[in-house]
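Below, read A as the first sequence line, B as the second, and so on, with proteins coming before strands; counting in each chain starts at 1.
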Amino acid sequence: MIDINLIRETPELVRAGMRKRGMDSSPVDEAVRLDEQWRAALVEVETLKAERNKGSKEVGQTKDPAERQKKIDAMKAVGDQIAALEAKVREHEDALNAVMSVIPNIPQDRVPEGVRDEDNIEIRRWGEPPKFDFEPKTHWDLGPELGIIDFERGAKISGSRFYVLSGAGARLQRAIIAWFLDLHIRQGYTEHYTPFVVKEETVYGAGQLPKFRDNLYKDHEEDLYLLPTSEVSLTGLHMDEILEENQLPLYYTAYSPCFRREKMSAGRDVRGIKRGHQFDKVEMYKYCTPETSDEELEKMVNDAEETCKGLNLPYRVLLKCAGDTSEAAMVSYDIEIWGAGVNEWLEVSSISNVGDFQARRARIRYRPEGGGALRFPHTLNGSGLGMPRVFLSVIENNQRADGSVVIPEVLHPWMGGLTVIEKR
RNA sequence: GGAGGGAUGGCCGAGUGGACGAAGGCGGCUGCCUUGAAAGCAGCUGUGGGCUUACGCUCACCGGGGGUUCGAAUCCCUCUCCCUCCGCCA
């Protein structure tokens, strides 16, 4: 949610932001109109309420029964007017909220124009895609051959886009998760383990609703949602709270599975483990003051890059163009790693400064140190990193001619002496 | 699943349908006192919205939602969460 004052004072700025994203800016006009109607109706109803409050107070002080009854009747009439008007106020208010909840955050000036992948700007690149003196295999060939990925049984028990990791494969993923978490802890993040099932309000607070309703798994009996990313629960952690400025910045990290219906991307990336309905992820999350969010974003990108470097995965960092930047974000970077078998760059992290967009929705505020009005903190989120693509890149990039896979050194402590995954 | 009890400001805790945005205490802030501090004394101390150039005015909020009433923290309904007991269960 953006600040309603931006709609009132600088609507053109908001319109320009939407156009930059390639969106139709008419919701802004509608918001302006609804806001005016809402406020007009509000003034009307509040004037009547003030009258009733005053009149009702007088009733209590009036001793004469006839006089008293006269006042009661008068206030009863005012009450009826209030009831009618209040319905109108709420109607306007609900309509305004509905429009406001689809208006995206305003992209920063440095965010490049454009709506396509090609409009993203490459900021830097690290490492070299590995060279092979044989034809490297894809993970959907390598995995089953090594007995570490089982697509058929995944589909059997859960349907398409599900798979099973077995033996050294399951262990390898767990090793990656553990190493990521420990790295982030060393970088100053506090580890959290959150529920993987959350209330609608929590999903809304993080800005995933109403937009991604079709992509979420929902328990209709209890009105609960399966986490699409732990960004949602980490935002919800401080929902409705007032923080103290001296607590900031807060650095959080969490491991969680993520569940997505991927309804919108039916037919895309159906092969392999690149895009599934369930995947594991280690997330980074920050709460900070508005003054520091830009530099905190750069630090978070660096923290994510460390994960790639440690695993020796070639990567590039992209500044996302406006149309590709998530609606909650003011600015986002993507990190893409190289997959030697699939022969493409794979998005493994999207690191965003969402400004006060989520804090406003989730009603998270902080008390400034010198006193004064409460403020909304800025929040940032980024994967560090998403499992399946890291996993596939690790096995594809480290494969050898005989079909075995060398395990990156940093993961050895969790592999129980295993340094190479071989056919058995 | 069954039976009870509870939810009030940063925290603790009182609350009779009109005096309650809410006693009292703690904490915090300011002033006096003091060489300084503590103690003591006095005052201040919630959030959000709307109107207004402004001083200011006003509305809402006592877990959430709805209702009764001229008027609700207070009465009724409902939901959520917490606690106690019984049952069941990984």
K.L.:
Can you list every pair that meets salt bridge (charged side-chain N to carboxylate O under 4.0 Å, His left out) and has a residue in residues 244-254 of chain A, with sequence neighbours left out?
P.N.:
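Qualifying pairs: A:E244-A:R367.
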
K.L.:
In whole angstrom, give me the gap between the P atoms of B:rA23 and B:rC62.
P.N.:
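My reading of the P atoms in B:rA23 and B:rC62 gives 15 Å.
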
K.L.:
How are the rings of A:Y251 and A:Y189 set to each other: parallel, tilted or perpendicular (split at 30° and 60°)?
P.N.:
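Tilted: the ring planes of A:Y251 and A:Y189 meet at 30° to 60°.
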
K.L.:
Fill in the dot-bracket string of RNA chain B, one character per base: . for unpaired, | for a pair to another strand, ( ) or [ ] for pairs within the strand, taking Watson-Crick or G-U pairs under 3.5 Å.
P.N.:
((((((((.[[[..)..(.....]]]((((((.......))))))((((((....)))))).[[[[[..)....]]]]])))))))....

K.L.:
Which whole-number value in Å describes the distance from A:W38 CH2 to B:rG48 C1'?
P.N.:
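So the CH2-C1' distance, A:W38 to B:rG48, works out to 10 Å.
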
K.L.:
Would you kindly say whether A:Y333 and A:E298 are connected by a side-chain donor-acceptor distance under 3.5 Å?
P.N.:
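There is such a pair between these side chains.
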
K.L.:
Salt bridge or not between A:D223 and A:K199? Use side-chain N to carboxylate O under 4.0 Å.
P.N.:
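Salt bridge flag = no for A:K199 with A:D223.
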
K.L.:
With rounding to the closest Å, how many angstrom separate the C1' atoms on B:rC70 and B:rC79?
P.N.:
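Result for the C1' pair: 29 Å, nearest Å.
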
K.L.:
Cation-pi between A:R260 and A:Y217: NZ/CZ under 6.0 Å from ring centre and within 45° of the ring axis?
P.N.:
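No, A:R260 and A:Y217 do not form such a contact.
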
K.L.:
Only counting residues at least two apart or in another chain, list the ones meeting side-chain contact (heavy atoms from CB on, under 4.5 Å) with A:Q108.
P.N.:
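For A:Q108, the residues satisfying side-chain contact (heavy atoms from CB on, under 4.5 Å) (neighbours in sequence not counted) are A:R110, A:V111, A:D294, A:M330, A:V331, A:N353.
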
K.L.:
Quantified in whole Å, what is the P atom distance between nucleotide B:rG10 and nucleotide B:rA3?
P.N.:
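Per the computed distance, 36 Å lies between those P atoms.
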
K.L.:
In whole angstroms, how far is the P atom of B:rC59 from the NZ atom of A:K49?
P.N.:
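Answer to the nearest Å: 9 Å.
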
K.L.:
Does NZ or CZ of A:R375 lie under 6.0 Å from the centre of the six-membered ring of A:Y366, at an angle within 45° of the ring axis?
P.N.:
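Checked: cation-pi criterion not met.
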
K.L.:
Within the pair A:R367 and B:rG10, is there a side-chain N or O less than 4.0 Å away from OP1 or OP2?
P.N.:
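For B:rG10, OP1/OP2 do not have a side-chain N/O of A:R367 under 4.0 Å.
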
K.L.:
Considering every strand and a 4.0 Å limit on heavy-atom distances, what is the contact class for A:L374: base, sugar-phosphate, or nothing?
P.N.:
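Sugar-phosphate, backbone atoms only, no base.
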
K.L.:
Which nucleotide sits closest to the side chain of A:V43: B:rC70, B:rG50, B:rG66?
P.N.:
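The answer is B:rG50.
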
K.L.:
Expressed in whole Å, how much space separates the P atoms belonging to B:rU58 and B:rG21?
P.N.:
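Result for the P pair: 13 Å, nearest Å.
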
K.L.:
Under 4.0 Å between any heavy atoms, over every strand shown, what does A:K76 touch: base, sugar-phosphate, or nothing? Just pick one.
P.N.:
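It contacts sugar-phosphate atoms only.
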
K.L.:
To the nearest angstrom, how far is A:L48 atom CG from B:rC70 atom P?
P.N.:
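My rounded result for the distance is 17 Å.
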
K.L.:
Going by distance alone, is a donor N or O of one side chain under 3.5 Å from an acceptor N or O of the other, for A:K281 and A:S256?
P.N.:
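The criterion, which ignores hydrogens and geometry beyond distance, is not satisfied for A:S256 and A:K281.
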
K.L.:
With a non-hydrogen cut-off below 4.0 angstrom, is A:R360 in contact with a base, only sugar-phosphate, or nothing?
P.N.:
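The answer is nothing, as A:R360 stays clear of every strand by at least 4.0 Å.
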
K.L.:
B:rG1 and B:rC11: how far apart are their P atoms, nearest whole angstrom?
P.N.:
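One P to the other, the span is 31 Å.
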
K.L.:
Whole Å only: how far is the NZ atom of A:K57 from the P atom of B:rU58?
P.N.:
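So the NZ-P distance, A:K57 to B:rU58, works out to 10 Å.
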
K.L.:
Using heavy-atom distances to pick each residue's nearest nucleotide on RNA chain B, tell me which of A:R39 and A:R68 is more 5'.
P.N.:
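Between the two, 5'-proximity favours A:R68.
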
K.L.:
What's the CD-P distance between A:E36 and B:rG50, to the nearest Å?
P.N.:
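Value for this atom pair: 13 Å.
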
K.L.:
Does A:I72 or A:E58 map to a spot on RNA chain B nearer the 5' end, using the closest nucleotide for each?
P.N.:
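Result: A:E58.
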
K.L.:
In whole Å, measure the gap between the C1' atoms of B:rG71 and B:rG17 for me.
P.N.:
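Straight-line distance between the two C1' atoms is 8 Å.
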
K.L.:
Could you tell me how far apart A:K71 (NZ) and B:rG71 (C1') are, to the nearest whole angstrom?
P.N.:
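Taking NZ of A:K71 and C1' of B:rG71, I get 14 Å after rounding.
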
K.L.:
Using a 4.0 Å heavy-atom cut-off, does A:R375 contact any base of the nucleic acid, only the sugar-phosphate backbone, or nothing at all?
P.N.:
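Nothing, no heavy atom under 4.0 Å.
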
K.L.:
What nucleic acid atoms does A:V59 come within less than 4.0 Å of, heavy atoms only: base, sugar-phosphate, or nothing?
P.N.:
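It contacts base atoms.
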
K.L.:
Please tell me if A:R365 has a side-chain N or O lying less than 4.0 Å from either OP1 or OP2 of B:rG48.
P.N.:
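Indeed, a polar side-chain atom of A:R365 lies that close.
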
K.L.:
Whole Å only: how far is the OH atom of A:Y366 from the P atom of B:rG10?
P.N.:
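In whole Å, B:rG10 P and A:Y366 OH are 19 Å from each other.
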
K.L.:
Roughly, in whole Å, what's the span from NZ in A:K199 to P in B:rC81?
P.N.:
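Distance check: A:K199 NZ to B:rC81 P gives 7 Å.
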
K.L.:
Base, sugar-phosphate, or nothing for A:N53, non-hydrogen atoms under 4.0 angstrom?
P.N.:
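Sugar-phosphate contact only - A:N53 comes under 4.0 Å of backbone atoms but never of a base.
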
K.L.:
Can you check the distance between B:rG2 and B:rA60, where both ends of the measurement are the C1' atom (answer in whole Å)?
P.N.:
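Rounded to whole Å, the distance is 39 Å.
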
K.L.:
Is the distance from OP1 or OP2 of B:rG50 to the nearest side-chain N or O of A:R8 less than 4.0 Å?
P.N.:
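For A:R8, the contact criterion (side-chain N or O under 4.0 Å from OP1 or OP2 of B:rG50) is met.
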
K.L.:
Can you tell me, in whole Å, how much space there is between the C1' of B:rC26 and that of B:rG13?
P.N.:
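So the two C1' atoms sit 10 Å from each other.
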
K.L.:
Could you check whether the rings of A:F196 and A:Y193 sit parallel, tilted or perpendicular, using 30° and 60° as the cut-offs?
P.N.:
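A:F196 and A:Y193: perpendicular rings.
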
